[in-house]
Each structure stands twice: as structure tokens, then as C-alpha cells.
Amino acid sequence: MTALLNNIVEVRENIQKWKSDKKTIAIVPTMGALHLGHISLIKKAKEIADKVVVSVFVNPIQFGPNEDYDKYPRTIEHDKSVCEENGVDIVFAPAPKEMYGENTVLSNTDLTFVCPPYNIVDCLCGKTRPSHFDGVATVVLKLFNIIQPDYACFGQKDAQQLFVIKKMVKDLNLNIQIIPCPIVREQDGLALSSRNTYLSSEERKNALTISMALKEIKKLYSNGINDTKILFDTAVSVLDKNLEIDYIEFRDFSTFKKAEKAEKNTLVAIAAKSGNTRLIDNEIL
Ligand code: PAF
């Protein structure tokens with residue numbers, strides 16, 4: 001039986017009981033609108049821990065003023081039944097007030113924020129979404145403090161987010177193991193995302209060229225081409241002309257520094273807008 005809780009005190013009572021019974025706990029942090037990508041995280045969490053908590057919280061502080069906070073899909077009934085079907089113990093779905101109190105200005109004038117290092121967030125998604133990762137790191141640390149998990153499962157699709165969280169855990173000495181989980185794709189290759197529901201069929205068709213570009217880069221790399229300029233140009237030639245490319249980046253996935261050449265553990269990340277929908281995808285070589 002999955003409990004749907006929206007109150008921190010109630011969640012903590014359960015956590016305390018589990019801790020005194022020596023149960024291990026895994027958290028799957030989400031913003032809801034659960035799809036097969038999230039289910040793969042839940043399955044992983046079930047595999048490694050005795051108890052699983054899925055948080056469902058559309059976090060206002062990680063959205064910029066002109067982003068899709070209001071429009072972001074909220075499907076708690078669906079999310080609850082997905083969690084029920086997959087044996088989740090608790091769905092933690094707090095209201096913004098529960099997480100941020102009476103503060104009406106959700107910025108660092110009123111709230112304590114976690115600010116990940118500039119070198120990691122001043123690039124890729126952080127460039128066009130300033131303060132996005134401050135919002136992500138802050139809410140994730142709050143969730144970690146509330147749930148006190150042994151493990152936390154994150155999808156590799158949000159590669160920069162994964163890097164930011166791993167860095168926070170290391171730098172702040174959190175005793176939590178971060179479990180990266182592979183990207184889940186539709187049969188034709190489109191990476192699963194809650195934002196895919198925004199796409200018209202034409203936009204979806206164009207968006208598909210993002211995963212095609214990544215696949216092509218992977219193919220060239222396995223044929224021995226490691227010049228990032230050639231790989232970049234290849235991606236541009238595969239990406240549909242109607243997409244608005246935000247970035248095509250090559251980063252060393254252990255340091256997040258720009259990769260001069262593509263090699264093992266290079267993150268190839270693409271962000272592009274199809275219509276009004278901003279999509280991200282990546283491959284780690
Ligand atoms: O990846 C997401 O869905 C969100 O950024 C997260 C990690 C749940 C924080 O709000």
C-alpha cells in the first residue's frame with residue numbers, strides 16, 4: 001500500500017520508524033507526470049533499498065520567470081497509481097508552502113540557497129537558465145534532509161543535474177549514494193520527458209533528430225573520429241532546421257571541463273527547442 005503524504009512531520013514519523021527497524025531507504029526525486037523513465041528509477045530504487053520514497057514536487061525555485069512552472073503537468077492521481085503499481089512505500093507530494101513556508105519571495109533574499117560551483121553551472125543549461133541549478137540543489141538537499149535516504153536515484157538524461165548533485169553530496173559530506181540510471185527512450189529513440197506531452201506531432205518529428213544526431217556522433221566516434229569540430233558539425237547537419245539549437249557541448253563527465261577531443265567518458269549534450277518546448281538529451285561516450 002502506497003501512502004500519499006504531503007506533510008513533512010508525517011513523513012519524518014515513517015522515516016524514524018524505518019530507521020529504528022534498520023531499513024535502508026532510497027528516494028526518487030521527481031516533479032511528477034511519471035513516465036517509463038521514472039518507473040525505471042523506481043525499479044532501481046526497489047532493487048537496492050528496503051523502502052522507497054518518491055517525491056512529487058514541481059519546485060518553483062528552479063523555474064525562471066518566463067518558464068513553464070504554471071503549465072508543467074500536474075497529475076498526482078496518475079502518479080500515485082504508478083507508484084502503487086510499482087511498490088513505492090511513500091509518495092511525498094508537498095505543497096510549495098510546506099517546503100518554503102510563508103515566504104512569498106522565493107529567492108535568496110529570503111531563503112537559504114545551495115549554490116553549486118560556478119564552473120559547473122555557468123554552461124549548458126545553466127547558461128540560459130540562470131539560478132536553475134541553485135533551485136535544484138536547494139530542493140534536493142531539503143528532500144535529502146527530510147527523507148534521510150541511503151540512496152538517491154537520478155536519471156542520466158539530466159546529466160548536468162546529476163553532476164551538480166554528485167558534487168553537492170561530495171562537497172557537503174552527505175552520506176548518500178547517488179545512483180545514476182540510464183536514459184529511457186521511446187522505440188524510435190526520443191528520450192522520455194514529461195515535457196514531451198507539449199509536442200505537436202510535427203514538433204515531435206523534429207525533436208527526434210536530437211537523438212538521431214547523438215546516435216550519429218556515437219557512430220562516428222566508434223569509427224575513430226574524435227575531433228569535436230567534426231562531431232559538432234555532424235550534429236548540426238542531422239538536427240532538423242526547425243529546431244532552435246541552444247547548445248551542442250562536449251564535456252569530460254568526471255570534471256565537467258570542456259572536452260578538447262571526444263574520448264571515453266565524454267558527455268555529448270544537446271539542448272534545443274522544438275516549437276516552444278525545450279528538450280535535452282545526451283550520450284556518454
Ligand atoms: O529532475 C527533476 O525532475 C527535478 O529537477 C528534481 C531533481 C526532482 C528537483 O526538483
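One-based numbering, in listed order, for ligands and for the atoms of each. Position 1 is the first residue of the sequence; numbering continues from there.
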Taking Arg195 first and then Asp68, would you say they form a salt bridge - that is, a charged N and a carboxylate O separated by under 4.0 Å? yes
Under 4.0 Å from one or more heavy atoms of Val139, ligand 1 contributes atoms 9 (C), 10 (O)
The closest protein heavy-atom partner of atom 3 (O) of ligand 1 is Met31 CG, 3.6 Å
- [ ] Examine the side chains of Asn59 and Tyr100 and answer whether a donor and an acceptor come within less than 3.5 Å of each other.
- [x] yes
ask   = Between Lys261 and Glu263, is the closest basic N to carboxylate O distance under 4.0 Å?
value = no
Look only at interatomic distance and state if Gln62 has a nitrogen or oxygen under 3.5 Å from any nitrogen or oxygen of ligand 1.
yes
- prompt: Would you say Tyr198 and Ser274 make side-chain contact, with heavy atoms under 4.5 Å?
  reply: no
For Thr30, the atoms of ligand 1 under 4.0 Å from one of its heavy atoms are 8 (C)
Within 4.0 Å of some non-hydrogen atom of Pro29, the atoms of ligand 1 are 8 (C)
Practice prompt. Can you establish whether the number of heavy atoms outside Lys241 located under 6.0 Å from its atom NZ is more than 12?
Written response: yes
**Request:** Before signing off on this row, confirm whether Gln161 and ligand 1 have an N or O atom pair separated by under 3.5 Å.
**Result:** yes
